[in-house]
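The structure displayed is predicted, hence computed values, not measured ones. Residue numbers start from 1 in every chain, and the chains themselves are labelled A, B, ... in the order their sequence lines are given, proteins ahead of strands.
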Number of protein chains: 2
Amino acid sequence: MPTPHDVIFSALADPTRRGIFERLCRGGEQTVGGLTALAGVSQPAVSKHLGVLKKAGLVLDRHEGRQTHYTARRQALAPLVDWTRQMTEFWESRFDDLDDLLKRMDQ
Amino acid sequence: MPTPHDVIFSALADPTRRGIFERLCRGGEQTVGGLTALAGVSQPAVSKHLGVLKKAGLVLDRHEGRQTHYTARRQALAPLVDWTRQMTEFWESRFDDLDDLLKRMDQ
DNA sequence: CTAATATATAACTGCGTGGTTATGGGTTAA
DNA sequence: TTAACCCATAACCACGCAGTTATATATTAG
């Protein structure tokens with residue numbers, strides 16, 4: 001039973017796949033061909049990565065003629081933000097002494 | 001050449017390993033035995049996971065007698081926060097029309 | 001209609017990795 | 001000193017997955 005965190009973390013763990021997602025975040029909507037050009041892997045590999053990202057809810061696809069345009073769903077990163085905030089919140093709630101907190105940040 | 005993002009993402013991708021890190025974040029310093037008790041895997045497996053987390057800079061170890069105490073280095077999550085902020089910042093800078101932005105959040 | 005293009009899928013492969021058991025090295029207890 | 005304990009490492013295994021090539025499907029171009 002994969003949790004939402006599982007899905008997002010594992011989807012973004014692979015460097016190639018994360019690179020594709022980053023390109024979509026920066027460059028906006030792009031076709032598979034455009035993504036393949038700079039991905040450093042074959043077109044089928046890119047299609048598979050896009051499939052994983054889509055299943056994880058990180059991208060949307062739009063078919064137009066014989067090409068497929070993909071866009072990043074940045075809101076899908078919300079669980080990631082929540083998770084990191086949870087981890088760091090436990091931190092802050094544990095040490096209310098600011099000095100102690102700063103000392104621990106330095107180590 | 002693994003980037004800092006690579007290291008953190010791949011270290012946190014595995015559910016068991018991420019669970020161990022979460023326990024350290026919530027519960028503070030804990031021994032290998034304590035972590036093993038609730039990890040659902042063998043002690044050597046836990047030790048290996050802790051080794052990966054340590055190499056990623058996500059935990060610190062402290063030897064005391066015959067047991068090893070581990071603590072979470074939450075500051076090591078900073079690259080993760082930076083990365084998500086980068087991805088979402090590109091978003092906001094692209095659409096300065098708030099309505100357009102909200103519409104896209106709904107899809 | 002035919003050829004070329006764009007993408008997805010199938011089938012296969014190699015390797016990384018998470019798991020195990022067995023063992024070693026160091027530390028406390030008897 | 002000997003035994004029990006804690007942890008790390010070694011050696012091995014099984015499986016998942018990222019990559020490939022080949023092919024199917026669909027759409028545009030000639």
Side-chain angles (χ1 to χ4, degrees), chain A residues 1-3 5-24 27-73, chain B residues 1-3 5-24 27-73:
Chain A
M1 47 203 99
T3 76
H5 294 151
D6 274 335
V7 177
I8 294 186
F9 269 110
S10 61
L12 296 175
D14 181 75
T16 304
R17 193 158 51 230
R18 193 171 61 254
I20 291 174
F21 180 72
E22 290 175 3
R23 277 207 65 198
L24 287 174
E29 189 180 69
Q30 292 175 54
T31 68
V32 177
L35 293 169
T36 301
L38 302 187
V41 294
S42 66
Q43 173 266 313
V46 172
S47 277
K48 276 212 286 186
H49 282 304
L50 288 169
V52 173
L53 291 173
K54 184 181 173 185
K55 269 194 181 173
L58 286 165
V59 299
L60 288 176
D61 58 342
R62 177 176 69 83
H63 300 278
E64 179 181 348
R66 59 184 166 186
Q67 35 193 359
T68 310
H69 300 257
Y70 281 88
T71 56
R73 281 186 69 246
Chain B
M1 48 202 93
T3 76
H5 294 150
D6 275 335
V7 177
I8 293 187
F9 269 109
S10 61
L12 295 176
D14 181 75
T16 305
R17 191 157 53 230
R18 193 170 63 256
I20 291 174
F21 180 72
E22 291 175 2
R23 277 207 66 197
L24 288 175
E29 188 179 70
Q30 292 174 54
T31 67
V32 177
L35 293 169
T36 301
L38 301 187
V41 294
S42 66
Q43 173 267 312
V46 172
S47 277
K48 275 212 287 188
H49 283 305
L50 288 168
V52 173
L53 291 173
K54 183 180 173 185
K55 270 196 180 171
L58 286 165
V59 298
L60 288 177
D61 58 342
R62 177 176 69 85
H63 300 278
E64 178 180 348
R66 60 184 164 184
Q67 35 193 359
T68 311
H69 300 257
Y70 282 88
T71 56
R73 280 186 69 246

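When distances run from any side-chain atom of A/Thr68 to the nucleotides C/dT7, C/dA29, D/dA8, the shortest one goes to C/dT7. Of the candidate nucleotides D/dT20, C/dT7, C/dG19, C/dT7 has the atom nearest to the side chain of A/Ser47. Closest contact between the side chain of A/Arg17 and the listed nucleotides D/dA18, C/dT7, D/dA8 involves D/dA18.
Between A/Thr16 and D/dA18 there is no side-chain N or O to OP1 or OP2 distance below 4.0 Å. Within the 4.0 Å cut-off from OP1 or OP2 of C/dA8, at least one side-chain nitrogen or oxygen of A/Tyr70 is found. Side-chain nitrogen and oxygen atoms of B/Ser42 include none within less than 4.0 Å of the OP1 or OP2 phosphate oxygen of C/dG19.
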Between A/Leu35 and A/Leu24, is a side-chain contact (heavy atoms from CB on, under 4.5 Å) present by the stated rule, with each step listed? CA-CA 9 Å; A/Leu35 293 169; A/Leu24 287 174; 4.1 Å; yes
Report the C-alpha distance between B/Leu50 and B/Asp61 in whole Å, list the side-chain angles of each, state the deciding distance to 0.1 Å, and finish with yes or no for side-chain contact (heavy atoms from CB on, under 4.5 Å). CA-CA 9 Å; B/Leu50 288 168; B/Asp61 58 342; over 6 Å; no
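Taking only distance into account, the side chain of A/Gln43 never meets the base of C/dA6 through a donor-acceptor pair shorter than 3.5 Å. Taking 3.5 Å as the limit, the base of C/dT5 and the side chain of A/Arg66 contain a donor-acceptor pair of atoms between them.
Across all strands, A/His49 comes closer than 4.0 Å only to sugar-phosphate atoms, never to a base (heavy-atom distances).
In this structure, A/Asp14 and B/Gly34 both approach DNA chain D, and ranking their closest nucleotides by distance from the 5' end singles out B/Gly34.
Using a 4.5 Å heavy-atom threshold, the side chains of A/Arg62 and A/Thr71 count as separate.
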